[in-house]
Colleague: 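Below are the structure tokens for one structure; questions will follow.
Quick caveat, the model's predicted, so the values are computed rather than measured. Starting from 1, each residue takes its place in the sequence as its number.
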Amino acid sequence: MDNKLDKKTWDQINEAVEGEVIADPDNHQRTSDAEPEAEPSMAEEYVKDEIMDHENITLPMQKMLLVLDTEVDFFKVDNENVYASIKSDSGITHHKINSRRFNDFLGGLCVSNKINPTKDLLGTLVSTVKYKILNGSTPIEAINFRKGIDSNGNVWILQSIDPKVRYIKITKDGWSIENECPIKIKLGNRSASLPDPVISGKGDFNLLKQYINIPENEIPLFESWLIETNTGVLEYPIIHLNGEAGTGKSTLIDIIHCLIDPIIQPDGSTGGSKRGMIKDVWSMYVGATNTHILTMDNISKTPDWFDDILCQLATGGDFEARQHHTMDESLVLSSHNPIIIGSINQVSTATDVQRRSIYIHTQYLGTSKSKSKLELWDSFMKDLPTIYSGYLDLIAKVLKKRHKADSTDLVSMTDFIITGRTLGQFRDWNISFDDSMKISESIASDNILESNPLAQLLIHTLKESGKNELSMLTSEWSLKLFDNTESMDGDDNTKSYLRSLFTKSQQRRLGENFTPLKPLLRNQGYEFNKKRTNKGSNWTLNKIDESVVTVVTDATSGDNSSPSKSDMSDIGGINSGYDKYNPYNFPSTPDSEENNNG
């Protein structure tokens, strides 16, 4: 804020506080004939209206309000929360005024001005500032974590705050390092600095390939997700890293974080979050609001609420709870995050999670190809600046060319699909982005089907009938499915569970169990729709007539046609670098040395 107190006013303040000196932002080069502000500042109002003698406003309080007004800018992000923009030799950083960081700053500011930072003084200062900002004319501004997008569509990434605040600005024409940013971006207590990139246009993103052990047919999804974490606006895909123990899932998480949102590890190094399963909804939202990428690793099982919160955070969600020490006030936490789930198996079987997710599988390399983590990490950290520069180059190219991408057949994850199709215009992948998505969706759907006996029973019943369509009332479906339970594959426990769904007491809820199965069955090639009749709800299950699509896999052909399910085992072709009969066999041929950053 720009204060215009004249020299006489400063002298009065200093004399009143027992001769202590207040830092004058203009170095006392003020004149008594300086033009007054149109709107008095917060401190000036106190000096004018409460001039040194109000019994409820102490002199240290008045002095610190004036100091705050000259050294700190405040803004509100909504009608409840106020942030401080703190200026220092490093640059400008943004902190919530109720946070420990701001409390520590405020205490240090008091000491530097020879005022005892008592708990009551600090609390009163925060309350006074918050009241003034929330009830004044200060406009609402957004606060972003790690990255943000300005009104012109440019991406801004907060690279570091120590020793200097530095931003990376990415436009359609390239990227640059900046000391100031037009939007507000913050970091968390454990956030580390991103790598120092090399010269724009001189990076090599292809170097990353030697450090990740995922199949060739998943590379388009993985690279597109990395780009989307910094260009996404509406919805972030949830990335599931699945693989047996010892295949490098945790190492891959560290690599991802080093490129996008590095975290300070307990040993002082940088890497990714290693948190396990979060205990409740509140804790999950708190964790999400203090990071850009929300990561959970080594997950084996999840609570009932977990799937719903995953979807909320991926699309942007709120959690509201009662404010502590009140009866009728609430606290709202809002967050919007890319999410990483590391697990041996696919932990979520919810179709709503599946349609917002991509699935990446780490592969066992064998002892002959494995490296020690120390050897791999030393090599990766040496290549990281070059890889990161190539990554920034790709973001700039996506911003420039995304308007030319095919925008048809978009159902969910629309931003991500556009990003993937755009990236495919200048990346030398062995498989198109759309084909990669088809394979991922098919395998995830098969995994979910294996864990859903009711969906299996519906498909079994249609096949047993010898027809392409079955249409019945809910009560008729109940009887039909009960009769077919014995003839389907499955153990006694599964069949006992299914029979319990078709009892008279459960028949009314059978329709509720049918509804979530619709997207799962659709992914398996079946339509399952409900129609209301005078007799009740009528459900029709029919096989979708899919035409066979021939997939051209030559990367130079430019054919992005999607495969039919019958063709998925043959995606890749004989020169793809992996077994065409097993899309998840890690490539045995060496990576091409050709460097293609677009």
Colleague: Going by salt bridge (charged side-chain N to carboxylate O under 4.0 Å, His left out), name the residues that satisfy it together with D261, two or more places apart in sequence or in a different chain.
Modeller: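 D261 satisfies salt bridge (charged side-chain N to carboxylate O under 4.0 Å, His left out) with R146 once adjacent residues are dropped.
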Colleague: Measure the CG-CD distance between N542 and E527 for me, rounded to the nearest 0.5 Å.
Modeller: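 Answer for the CG-CD pair, N542 versus E527, is 6.5 Å.
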Colleague: For Y359 together with F222, are the ring centres under 6.0 Å from each other?
Modeller: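 No - the distance between ring centres of F222 and Y359 does not fall below the 6.0 Å cut-off.
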Colleague: Please determine if E141 and K76 form a salt bridge, counting it only when a charged side-chain N lies under 4.0 Å from a carboxylate O.
Modeller: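 No, this pair does not count.
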Colleague: With a 3.5 Å cut-off and no angle check, do the side chains of N213 and Q363 form a donor-acceptor pair?
Modeller: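 No, no side-chain donor-acceptor pair sits under 3.5 Å.
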Colleague: Quick one: do K209 and E216 make a salt bridge, cutoff under 4.0 Å?
Modeller: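 Salt bridge flag = yes for E216 with K209.
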Colleague: Evaluate salt bridge (charged side-chain N to carboxylate O under 4.0 Å, His left out) for E441 paired with R522, printing each intermediate quantity in order.
Modeller: CA-CA 11 Å; E441 291 171 355; R522 189 177 301 114; over 6 Å; no
Colleague: Taking atom types as modelled, find out whether S343 and N242 have a side-chain donor-acceptor pair closer than 3.5 angstrom.
Modeller: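 The answer is yes; a qualifying pair exists.
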Colleague: Which distance, rounded to the nearest 0.5 Å, do you find between the CD1 of I418 and the CG of L423?
Modeller: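 Those atoms lie 12.5 Å apart.
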Colleague: Are H240 and Q346 linked by a side-chain donor-acceptor pair shorter than 3.5 Å?
Modeller: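 Side chains of H240 and Q346: no pair found under 3.5 Å.
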Colleague: Take atom CG of N468 as the centre, draw a 6.0 Å sphere, and report whether it contains more than 12 heavy atoms from other residues, nucleotides or ligands.
Modeller: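 Open: at most 12 neighbouring heavy atoms sit under 6.0 Å from CG of N468.
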Colleague: Counting only heavy atoms not in R509, do more than 12 fall under 6.0 Å of its CZ?
Modeller: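 No - once you tally the heavy atoms of other residues, nucleotides and ligands closer than 6.0 Å, there are 12 at most.
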Colleague: With a 4.0 Å cut-off, would you call D254 and K373 a salt bridge?
Modeller: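 A salt bridge is present here (some side-chain N lies under 4.0 Å from a carboxylate O).
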Colleague: Assess, by modelled atom type and distance only, whether the side chains of D446 and Q524 contain a donor and an acceptor separated by less than 3.5 Å.
Modeller: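 D446 vs Q524: donor-acceptor pair found between side chains.
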Colleague: Could R421 and D434 be called an ion pair, given the rule that one side-chain N must be under 4.0 Å from one carboxylate O?
Modeller: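 Salt bridge flag = yes for D434 with R421.
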Colleague: For residues W225 and F416, establish whether the separation of their ring centroids is below 6.0 Å.
Modeller: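 Ring-ring flag for W225/F416: false, centres at least 6.0 Å apart.
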Colleague: Rounded to the nearest 0.5 Å, how far apart are OH of Y236 and CZ of R356?
Modeller: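 Going from OH on Y236 over to CZ on R356, the span is 15.0 Å.
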Colleague: Could you please spell out the steps behind the side-chain hydrogen bond (donor to acceptor under 3.5 Å, both in side chains) verdict for T540 and N529?
Modeller: CA-CA 5 Å; T540 301; N529 296 312; over 6 Å; no
Colleague: To the nearest 0.5 Å, what is the distance between CZ on F306 and CE on M284?
Modeller: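 It is 4.5 Å, given to the nearest 0.5 Å.
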Colleague: What I'd like to find out is whether the side chain of I227 reaches to under 4.5 Å of the side chain of E223, using heavy atoms alone.
Modeller: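 No, side chains not in contact.
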Colleague: If you draw a 6.0 Å radius around CG in D318, do more than 12 non-hydrogen atoms from other residues or ligands fall strictly inside?
Modeller: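 More than 12 within 6.0 Å, yes.
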Colleague: Could you walk me through whether K96 and N81 pass the side-chain hydrogen bond (donor to acceptor under 3.5 Å, both in side chains) check?
Modeller: CA-CA 7 Å; K96 196 173 182 179; N81 296 294; 3.1 Å; yes
Colleague: Atom CG in L541, atom CE in M472: separation rounded to 0.5 Å?
Modeller: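 Output value for this atom pair is 8.5 Å.
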Colleague: Rounded to the nearest 0.5 Å, how far apart are CG of L481 and NE2 of H460?
Modeller: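 If we round to the nearest 0.5 Å, L481:CG and H460:NE2 are 10.0 Å apart.
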Colleague: Would you tell me whether T419 and E228 have side-chain atoms, one donor and one acceptor, within less than 3.5 Å of each other?
Modeller: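 Looking only at side-chain atoms, E228 and T419 do form a donor-acceptor pair, the distance falling under 3.5 Å.
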Colleague: Parallel, tilted or perpendicular: which one describes the rings of Y211 and F380, with boundaries at 30° and 60°?
Modeller: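 Rings of Y211 and F380: perpendicular, over 60°.
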Colleague: Would K543 pass as a cation-pi partner of Y526, given that its NZ or CZ must be under 6.0 Å from the six-membered ring centre and within 45 degrees of the axis?
Modeller: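 Pair K543/Y526 counts as cation-pi.
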Colleague: Please determine, by modelled atom types, if D307 and S348 share a side-chain donor-acceptor pair under 3.5 angstrom.
Modeller: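 Yes.
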